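Just so it is clear, the values below take in all heavy atoms, side chains as well, and ignore hydrogens, waters and symmetry mates. Keep in mind it's a predicted model, so treat the numbers as computed, not measured. For this chain, numbers begin at 1 and follow the sequence in order.
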Amino acid sequence: MSEPPPDDQPPEETLDDLYDHAPCGYVTLDSRLRVVRINATLLSWLGVGKADVVGRKIQDVLTLAGRIFFRDPCVAASSQGGRRPAGCH
């Protein structure tokens, strides 16, 4: 007789729900920086559908300001009050 799964491991549906409805935007990229997954929160903020984004390069989805923020770790770190990467002045 097999044992039921432990209660401390949430079912996959719950994890998907947490990803999709998080209070922040999530996007998963492949090694070529193409969108492979994006959550409902970010889609709502961008005002687009999943089919409009999945498979496209992240640079093609972001605004100019978003592209600068995404590509420059110095800008990202300073705007979030974080530790600046080596080489940032």
Side chain proximity check, Q59 to L33, heavy atoms < 4.5 angstrom: yes

Pair D16 + R37, salt bridge at N-O below 4.0 Å: yes

T28/V35 under side-chain contact (heavy atoms from CB on, under 4.5 Å): CA gap, chis, key distance, verdict: CA-CA 6 Å; T28 304; V35 176; over 6 Å; no

Derivation and outcome, side-chain contact (heavy atoms from CB on, under 4.5 Å), residues D17 and L15: CA-CA 5 Å; D17 188 56; L15 295 176; over 6 Å; no

Gap between atom CG of L42 and atom SG of C24 - 0.5 Å precision: 9.0 Å

Less than 3.5 Å apart, which donor and acceptor atoms pair up between the side chains of residues 43-57 and the rest of the protein, not counting sequence neighbours?
unit_1, atom_1, unit_2, atom_2, d
D52, OD2, G49, N, 3.0
R56, NH1, D52, O, 3.0
R56, NH2, D60, O, 2.9

Contacts of L62 that satisfy side chain to side chain contact (heavy atoms under 4.5 Å, CB included) - sequence neighbours left out: I58, R67, F70

Test item: T41 side-chain N/O and A22 main-chain N/O as donor-acceptor pair under 3.5 Å: yes

Expected output: side-chain N39 to main-chain Y19 donor-acceptor under 3.5 Å: yes

